[in-house]
Amino acid sequence: MRGPRNLEVWKMGIVNYLEAHKLQDKLVSARKVNKIPDTILSLQHPPTYTLGKRRTDHNLLIPESDLKSIGAELCYTLRGGDITFHGPHQAILYPIVSLRDIGLGARSYVEKLESTMIELASLYGVKAKPGEAGETGVWVGERKIGAIGVKISYAVTSHGLAFNIDPDLNYFKHIVPCGIANKGVTSLRKETNSVLPAEEIIQEQLISCFARQFGYSSVSWKENASVLLSDDCEIE
C-alpha cells in the first residue's frame, strides 16, 4: 500500500511562456533525482500560441508576422498535441510528477487530467466530457473548454492542462485549435449561469480536483514564485 503523498503547488501569477518552459526543465531534472516532491506550477500566460513537437504550422491561420498586431507570440515546444492558445483568464497547471511513484501509465495520466477538468466544470453545473478518439481534452457538447498537452521524460511529466475560465475567445479564431476543425471553443463563463468567484479561487479549486483525482493526501502552497524564476535559483 502506498503511503501519504504530498503535492507542492507554486502559485505563479502571469508568467511568460518561455520562462515557464525553462523552469519546467529545471524542475523535471530535480524531480528525476528526487530533489523535489511532486510539484505543480499554477499560472497564466500572456497571449501565446504554442506548437507541439509535430510542428503543425499549417494550423496557424494567420502569418506569424501578424501576431504582434494582435498582441500575441508564437512559441515552439516538445510537448505532445497540436497548436493551442494560452492567455489571461485561463487556468493553467503544469504538473511535474513522477508517474512511476504514483503507478500510472501515460494514457491513464491523461485521462486523470481530463477528469480533473470535468470535476471542476461540474462544480459550476457544467456537464463536460472527454473528447472522442483523437480529441484529447475536455468538451461541452461540440465546444472545447479544456486542452491537454504533455511531455513525459523518464516517467516525469511536464506541460499539462489549460482550462478556459473566461479568456478572449477571439484568439482561437486564428488557429485550428488542437488541429480539430469544425468544432468550437468555449469557456466556463459562457457555459454556466453561476456567478463566478475570483479566478484565483477557481485555480485553487482546479488544484484541489487534481489532488483528489491523483490521490494526494496533502497540498503545500508556495507563493514566493520569484525565487523559482531567478536564474540563480538552485533547486533543493
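Numbering of residues begins at 1 and proceeds along the displayed sequence.
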Tell me the closest heavy-atom pair linking P95 and G160, and the distance in Å. CD-CA, 3.9 Å

Closer than 3.5 angstrom, by distance alone: can the side chain of N16 be matched with the main-chain N or O of P46 as a donor-acceptor pair? no

Without swapping roles, check the side chain of T186 against the backbone of I145 for a donor-acceptor pair under 3.5 Å. no

Which pair of heavy atoms, one from L61 and one from K173, lies closest together, and at what distance? CD1-O, 3.9 Å

Of all heavy-atom pairs between L51 and I83, which one has the smallest distance, and what is that distance? CD2-CB, 3.7 Å

With side chains defined as the heavy atoms from C-beta onward, is the minimum distance between L104 and V97 less than 4.5 Å? no

Y94 vs Y17 aromatic rings, parallel, tilted or perpendicular, using cut-offs 30° and 60°? perpendicular

Tested for ring-ring contact (aromatic ring centres under 6.0 Å, His included) against H21, the lone hit among H86, H159, H45 is H159

Enter the distance from T48:OG1 to I92:CD1 here, rounded to the nearest 0.5 Å. 8.0 Å

Using side chain to side chain contact (heavy atoms under 4.5 Å, CB included) as the criterion, list what pairs up with E8, not counting sequence neighbours. W10, P37, T39, K222

dist F210:CZ -> L93:CG (nearest 0.5 Å) comes out at 7.5 Å

Go through the steps to decide whether D101 and R31 satisfy the test side chain to side chain contact (heavy atoms under 4.5 Å, CB included), and finish with yes or no. CA-CA 11 Å; D101 283 5; R31 185 67 190 90; 2.9 Å; yes

Heavy-atom closest pair, residues L74 and Y76: CD2-OH, 3.6 Å

Passes side chain to side chain contact (heavy atoms under 4.5 Å, CB included), L41 versus L27? Steps please. CA-CA 10 Å; L41 303 180; L27 293 172; 3.7 Å; yes

Answer yes or no: is there a side-chain heavy-atom contact under 4.5 Å between K11 and E204? yes

In the structure I gave you, are the side-chain heavy atoms of L188 and D166 within less than 4.5 Å of one another anywhere? no

Is atom CG of N170 surrounded by more than 12 heavy atoms (other residues, nucleotides or ligands) closer than 6.0 Å? yes

Applying side chain to side chain contact (heavy atoms under 4.5 Å, CB included), run through R143 and E191 and close with a yes or a no. CA-CA 10 Å; R143 303 171 301 281; E191 297 295 338; 2.8 Å; yes

Residues L169, V185; criterion side chain to side chain contact (heavy atoms under 4.5 Å, CB included); working and verdict: CA-CA 7 Å; L169 298 180; V185 178; 4.0 Å; yes

How long is the gap from NZ on K151 to CD on Q24, to the nearest 0.5 Å? 9.0 Å

How about K32: does its NZ atom have over 12 heavy atoms from other parts shown lying under 6.0 Å from it? yes

Are V140 and K190 close enough that some pair of their side-chain heavy atoms sits under 4.5 Å apart? no

Show me the side-chain donor-acceptor pairs of residues 120-131 shorter than 3.5 Å, one per line, residues at least two apart or across chains.
unit_1: S122; atom_1: OG; unit_2: E119; atom_2: O; d: 2.6
unit_1: Y124; atom_1: OH; unit_2: Q205; atom_2: OE1; d: 2.5
unit_1: Y124; atom_1: OH; unit_2: Q205; atom_2: NE2; d: 3.4

Among all residues two or more places apart in sequence or in another chain, which pass the ring-ring contact (aromatic ring centres under 6.0 Å, His included) test with F163? none

The reported gap from CD in E73 to OG1 in T50 (rounded to nearest 0.5 angstrom) is 10.5 Å

D38 CG to L99 CG distance, which is reported to the nearest 0.5 Å: 8.5 Å

How close do K144 and T136 get, heavy atom to heavy atom, and via which atoms? NZ-O, 2.9 Å

Just wondering, do I62 and I70 contact through their side chains at under 4.5 Å, heavy atoms? yes

Quick test of your reading: applying ring-ring contact (aromatic ring centres under 6.0 Å, His included), list the pairs with at least one residue in residues 22-41, sequence neighbours left out, ordered by first then second residue. none

Got Y216 and I40 here, is their nearest side-chain heavy-atom distance under 4.5 Å? no

Does any part of the side chain of I165, heavy atoms only, come nearer than 4.5 Å to the side chain of R189, both counted from C-beta? no

Within residues 41-51 or reaching into it, pairs that qualify as salt bridge (Lys or Arg N to Asp or Glu O under 4.0 Å) - sequence neighbours excluded: none

Distance from L7 atom CG to S208 atom OG, nearest 0.5 Å? 10.0 Å

Which pairs count as ring-ring contact (aromatic ring centres under 6.0 Å, His included) when at least one residue sits in residues 98-121, sequence neighbours excluded? Y109-F214

Taking all atoms of both residues into account, what is the closest heavy-atom pair of S187 and P167, and its distance? CB-CD, 3.9 Å

Quick check: does any side chain N or O of S108 sit under 3.5 Å from a backbone N or O of G105, one acting as donor and the other as acceptor? no

The side chain to side chain donor-acceptor pair (under 3.5 Å) partner of Q44 among H89, Q90, E199 is E199

